[in-house]
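Counting starts at 1 for both ligands and their atoms, following the listed order. Computed from a predicted structure; not experimentally measured.
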Amino acid sequence: MSQANLDFSESTTSSRGQYRGRFAPSPTGPLHIGSLVTALASWLDARVHGGTWLVRIEDIDFQRNVPGADRDILATLDVLGLIPDEAPQWQSTHLSRFEQALEQLQANGSLYPCGCTRREIADSVTSIDANGHVRHQTLIYPGTCRNGLHGRPPRAWRVRVPDADAATICFNDRWQGTQCQNLAETVGDFVLKRADGMWAYQIAVVVDDATQGITDVVRGADLLDSTPRQIYLQQLLGLPALRYLHVPVVVNADGEKLSKQTGARAINRSQPLAALTEAAQHLGLDIRAGDVEEFYRDAVPAWANRLARLTTAA
Ligand code: GLU
């Protein structure tokens, strides 16, 4: 297989280093307060840094896409005044980029085909404790296919992570502080291309952030534990390091992350100021504005102050 390095021609239009942020919703339903908080935080952070703000529709999990949700999200952002500085992109329109990255990883020996079913992996990581109770652990891939498929057909593609003594990835999150994760002990070799042929979020997000010249990722803290995997892929692919800021996620009364599944209601487009004010509150910004224009005028310096307080607290 030929060595194919990723093409960054798209990102050379802006000088690297100049702030470029993004909001990357999956079109699984309308924008709700949880996703609005992320959108607003990434927009404010781009504004405070005099940067560029992009929107990327992450629509590569075809089973989860809801028809029309992409347009609905963009229309709501528009009504709220969260308007991207460049035309939105749809991840599904450039799948060949992910294939190129996969080839690059294959050429440097980081990748292997896996024939395990989800069931087999679940069985092999289930252990019996001293009292005879079955303990279900998170699905850390036990490395069954690392040294060959044992005659089984390939199903998915996995990237090899280093052995535990060399697998710790640390990064400094601008909101959450220093974060470290041992990839071998917490995830194991992870899937980049699934058995159903779909691309995994981890590879798609890394490739697209690099191709679009993103410098700063601002998103929900539910993705904090994905970040070390993404940093590891950036390192393997020779891509630039990014800065990260993970905002606390909005939870419902039961403490669950707000999503369509946990009963999040769509943002009411007829009340943009109310929606923005509520989103700002979740970020610790107390904005009392008379209209949307005034809201943004006050919210940008308020975000700068919020960041300054985070830095002082660290
Ligand atoms: N598409 C992901 C989501 O909606 C977010 C990806 C990201 O910001 O890295 O949860």
Side-chain angles (χ1 to χ4, degrees), residues 19-46 51-66 69-74 76-77 82 84 88-95 97-98 101 169 171 173-176 179 181 190 192 194 198-234 237 239-251 256-262 264 266-267 279 282-283:
Y19 186 111
R20 280 169 75 83
R22 84 317 189 261
F23 172 53
S26 302
T28 53
L31 202 71
H32 53 75
I33 186 67
S35 39
L36 175 57
V37 167
T38 307
L40 179 63
S42 64
W43 186 91
L44 286 171
D45 204 51
T52 304
W53 186 69
L54 312 180
V55 172
R56 181 174 69 231
I57 303 289
E58 300 208 322
D59 59 342
I60 51 167
D61 190 338
F62 300 118
Q63 280 136 22
R64 289 181 63 224
N65 289 345
V66 170
D70 52 350
R71 292 286 163 199
D72 191 74
I73 290 170
L74 292 171
T76 305
L77 290 173
L82 294 167
Q89 286 204 8
W90 275 255
Q91 220 162 31
S92 60
T93 61
H94 49 250
L95 299 177
R97 282 184 199 166
F98 313 138
I169 302 253
F171 67 101
D173 188 86
R174 292 171 50 217
W175 187 298
Q176 313 282 343
Q179 305 288 315
Q181 186 187 66
F190 54 98
L192 300 187
R194 296 180 349 202
M198 301 283 160
W199 293 100
Y201 156 67
Q202 309 294 356
I203 182 89
V205 76
V206 163
V207 169
D208 277 352
D209 281 341
T211 315
Q212 292 188 281
I214 298 300
T215 59
D216 288 77
V217 169
V218 175
R219 60 187 175 193
D222 53 316
L223 292 169
L224 201 55
D225 70 348
S226 282
T227 308
R229 268 171 279 179
Q230 295 169 16
I231 293 173
Y232 177 59
L233 289 177
Q234 285 156 7
L237 289 163
L239 301 175
L242 307 181
R243 278 181 297 260
Y244 291 95
L245 187 157
H246 288 85
V247 295
V249 290
V250 180
V251 293
E256 299 163 321
K257 183 201 163 200
L258 215 57
S259 68
K260 207 177 60 174
Q261 290 73 29
T262 57
I267 295 293
H282 283 290
L283 294 168

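- Any N or O atom pair closer than 3.5 Å counts here, and Ala24 shares at least one such pair with ligand 1.
- With a 4.5 Å cut-off on side-chain heavy atoms, Asp45 and Arg174 count as touching.
- Results of the side-chain hydrogen bond (donor to acceptor under 3.5 Å, both in side chains) test with Thr227 over Gln181, Gln179, Arg219 single out Arg219 as the only residue that passes.
- Atom 10 (O) of ligand 1 has its closest protein heavy atom at Leu223 CD1, 4.2 Å.
- With a 4.0 Å heavy-atom cut-off, ligand 1 is reached by the side chain of Tyr201 but not by its N, CA, C or O.
- The Ser26 neighbourhood of ligand 1 comprises atoms 1 (N), 2 (C), 3 (C), 4 (O), with distances under 4.0 Å to a heavy atom of that residue.
- Contacts between Thr38 and ligand 1, counted as non-hydrogen atom pairs separated by less than 4.0 Å, are absent for every part of the residue.
- Between the side chains of Asp61 and Tyr201, no donor-acceptor pair of N or O atoms lies under 3.5 Å.
- Not a single donor-acceptor pair under 3.5 Å links the side chain of Asp59 to the backbone N or O of Trp90.
- Below 4.0 Å from some heavy atom of Arg219 lie the following atoms of ligand 1, by number and element: 7 (C), 8 (O), 9 (O).
- Side-chain N or O atoms of Asp216 include none that pairs as donor or acceptor with a backbone N or O of Tyr19 at under 3.5 Å.
- Taking a cut-off of under 4.0 Å to the non-hydrogen atoms of Val205, the atoms of ligand 1 that pass are 9 (O).
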Task: Arg22/Asp208 under salt bridge (Lys or Arg N to Asp or Glu O under 4.0 Å): CA gap, chis, key distance, verdict - done: CA-CA 11 Å; Arg22 84 317 189 261; Asp208 277 352; over 6 Å; no
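- Between the Ser35 side chain and the Leu31 main chain, no donor and acceptor come within less than 3.5 Å of each other.
- Regarding atom 8 (O) of ligand 1, its nearest protein heavy-atom neighbour is Arg22 NH1, 2.8 Å.
- Residue, atom and distance of the protein heavy atom nearest to atom 6 (C) of ligand 1 are Glu58 OE1, 3.2 Å.
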